[in-house]
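Worksheet for the structure shown next.
Residue numbers begin at 1 in each chain, while the letters A, B, ... track the order of the sequences.
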Amino acid sequence: MFWRRRPTEPDQPAEEGGVSDAAIEAQLEAEFAEAEEARTTAQAGGETPRPTDGEPADGDLVAGVARSRGGFMARLQGLLGRGDPTAATWEEVEETLIAGDVGAALALEVVERARRRRDGAGPTAAVREELTALLVDREPGWAPHRAGPDAPAIILVVGVNGTGKTTTIGKLAFRYRAEGQTVLLAAGDTFRAAAIEQLRAWGERAGAPIVAHGPGADPAAVVYDAVDAAVARRVDVLIVDTAGRLHTKSNLMDELAKMRRVIDRRLPGAAPEVLFVLDATTGQNGLAQAKAFHESTGLTGIILTKLDSTAKGGIVFAIERALGVPVCFVGVGEKVGDLLPFDATAFVGALFG
Amino acid sequence: MFDALSERLRRTLGSLTGRGRISEADVETAMREVRLALLEADVNFKVVKDFTARVRERAIGADVLASLNAGQQVVKIVNEELTALLSGGDRTLHLAGNPAVIALVGLQGSGKTTTAAKLARHIVKIGRRPLLVAADPYRPAAIEQLMTLGASLDLPVFSAPAGTPVPEIGRLGIAYARHEVRDTVILDTAGRLTVDEVLMAEVTELMRAVQPVETLLVVDAMVGQEAVSVAQAFAAAVPLTGLVLTKIDGDARGGAALSISAVTGLPVKFLGTGEKTDALEPFHPDRLAGRILGMGDVLTLIERAQGAFDATQAEKAAAKIQSGSFSLEDMLDQLQQVKKMGPLGQVMEMIPGLGGMARQAQDSVDRGDLGRTEAIIRSMTPGERRDPAILNGSRRRRIASGSGTSIVEVNRLVKQFAEMQKLMKQLRGGRRLPGLFGR
């Protein structure tokens, strides 16, 4: 394995510090234990070093990402581990990047740049460094922006259909509740059948109340009420769900822009976080998606979901380079604890075995 | 990036018309472009490799038809090979058995529940009585979603009490269908990752219990390189009979379908083309081949145009142009017909050579100009629409504020309309109706 082992830190994952609600703590603990157990089982047969119990969250990211890509990584490791790669090997490296949805043009570019390097770093390090260089610099420990100590942080969650927006919101709500913050959810998906019920179910599990209108209501009106309610109830975090929409439908993208404008007008200076939820199995179309959503709502972050699948999420490199918007979380499972902070080194490292 | 392949090849190969044969060097150049185009369309890289090898073999030494240049000839070969690959298998929907069971499987978020409702609607249309069965006990509110969709179609939905094992839900659903005299069961299963062994074993067991005549893998058109391994994993777990490619109404090229068809031999049976329950279309291999290559989808465009344009209305408009009485009111009708064809950008995407312009066009025309023109006309009185000559300054000011536009824009429309009328007068005498947005 290529990633460096992180220094061992205190036993408890960061999420569990400062918990005020005993019930949530118990549930989170159970979830983590379960997830850890699943990991242990899954990796028992492999030779890969796996994070020891209680290793911090970004170690979990590596595990989560690594869980299912043994073949991919072994292949690349074999390729890059050799001494001086011949032309054929570089071609195979390029193919491996393409197979990870990095994109043909970008893969070629990265490999070309890595080949031209003369710093003696070796092919492994060269390709990894070139890939890392495509990613945005980010501060560790992303937290949503708050306009003031009393103002709520507002998170608008957007994306195309079926990427996992509502599930991600459930996980986010759990995360902030576990940190002892109060959370309010807004049911801005008034279109899809039973979307409101789905969010309500998550809200009940996370202990977060929900502001909802009926099916078919104007989502901007939901946002309007939710912002007022968040201020009145002095909640710490307001998370707004939105209907999935294809980025090519301009009327639906306008609707989204309006929701954003309502927040800006209702709470000037709120500077909401607009998080774009991207399915890791998405191919080259992901870039067009991200661009269109960025244009209409001004993205501030990306959440990469379903990274526990066989997909690698390589389109992220093209997106971060084009838009300068960082991935802040990755989803690596269906449990509430399976939302982990993004770590660039770990992500690139895991991609390469 | 979205340059049409034919355009790309034209640029790299230049006009080699008349040379008679395609040289080996030409083919190498062309294959690099073909490879890039297919990879950008998310076709699996292994499939691309096999595919370009096959095309290379056919193209080297091939005679260039008199009417084509070398680039076009290569595109023709590529298109034929793509279409052939996508044409494999049996695309009919089989409905044997009593009840006939159709099962939908796939990854999370691929669109199974929505597709289940669309299929049910399709099944009703061909004269059968479907029952929807909700076999996703995991995702919160998944059952409610199917219930709501079923209610909107006025169709029954079967769901089992919480805690019922999934294979048992299938058995109970079929028993319920027999009891209610329903001849088709559409089974909506939970989304699952192929690496989740427990859930994959569960779907195997479910399929054994219900013995579906059709087991369709629902695939998101936006999926990348992983499409192949996902399809292979599902094919190993359940007896797949075909694919449904969803969210094809976006701008993803849908290379996933090609990858899966090439590797598994499974045919695409339906396309999901929108969020509403009527947005399910039969699959045409040649059209998807064209879309993957960015060559336009002329057939779909023509069909959609035929569906949207009311023939009698068009004739009426033509008659009015003939008689010189074409008014702003008629123009409004025409605009509405254009809008019915779908977003203009999407329409342009289907026209060969316009693919690249489509997005810009969508920005400038679709949401801007067309809508504004419509708003301006709608802010006029019937009298003004019939005779724009009466529009004085005060009327124009009222129209501008009524439509949320500016006097400049109102003036521009009135002027354009006057020019158009002039043009129509010239055209009178049996010639075809000019495109109203083609100026």
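Of the atoms belonging to B/Leu39, heavy atoms from both backbone and side chain fall under 4.5 Å from chain A. Residue A/Glu204 does not touch chain B at all, counting heavy-atom pairs closer than 4.5 Å. With a 4.5 angstrom heavy-atom cutoff, A/Ala105 touches chain B via backbone and side-chain atoms both. Using a 4.5 Å cut-off between heavy atoms, B/Leu146 makes no contact with chain A at all.
Using a 3.5 Å distance cut-off with no hydrogens or angles, the side chains of A/Arg260 and A/Thr297 do not pair a donor with an acceptor. Side-chain atoms of B/Glu226 and B/Ser229 include a donor-acceptor pair closer than 3.5 Å. Checked by atom type, the side-chain pair A/Thr166/A/Asp241 shows a donor-acceptor distance below 3.5 Å.
Ranked by heavy-atom pairs shorter than 4.5 Å toward chain B, the options A/Arg200, A/Lys306, A/Arg245 are led by A/Lys306. Contact count versus chain B (heavy atoms, under 4.5 Å) is highest, among A/Thr163, A/Thr167, A/Thr281, A/Val160, for A/Thr281. Highest contact tally toward chain A, considering only B/Gln108, B/Lys49, B/Arg35, is held by B/Gln108 [criterion: heavy-atom pairs under 4.5 Å]. Interface remark: of the candidates A/Gly286, A/Gly244, A/Ala280, A/Gly162, A/Gly162 forms the most heavy-atom pairs closer than 4.5 Å to chain B. Interface summary for chain A: among B/Val228, B/Asp42, B/Asn44, the most heavy-atom pairs under 4.5 angstrom belong to B/Asp42. When A/Ala201, A/Pro215, A/Gly103, A/Ala104 are compared by the number of non-hydrogen pairs under 4.5 Å with chain B, A/Ala104 comes out ahead.
Between A/Glu95 and B/Lys46 there is no salt bridge, since none of the side-chain N atoms of the basic residue sits less than 4.0 Å from a carboxylate O of the acidic one. Between A/Asp189 and A/Lys165, none of the side-chain N atoms (NZ, or NE/NH1/NH2) sits under 4.0 Å from a carboxylate O, so this pair counts as no salt bridge. Ion pairing of A/Arg192 with B/Glu275 is absent here, as no side-chain N (NZ or NE/NH1/NH2) approaches a carboxylate O to less than 4.0 Å.
Between the CG atom in A/Leu131 and the CZ atom in A/Arg321 there is a gap of 10.5 Å [rounded to 0.5 Å].
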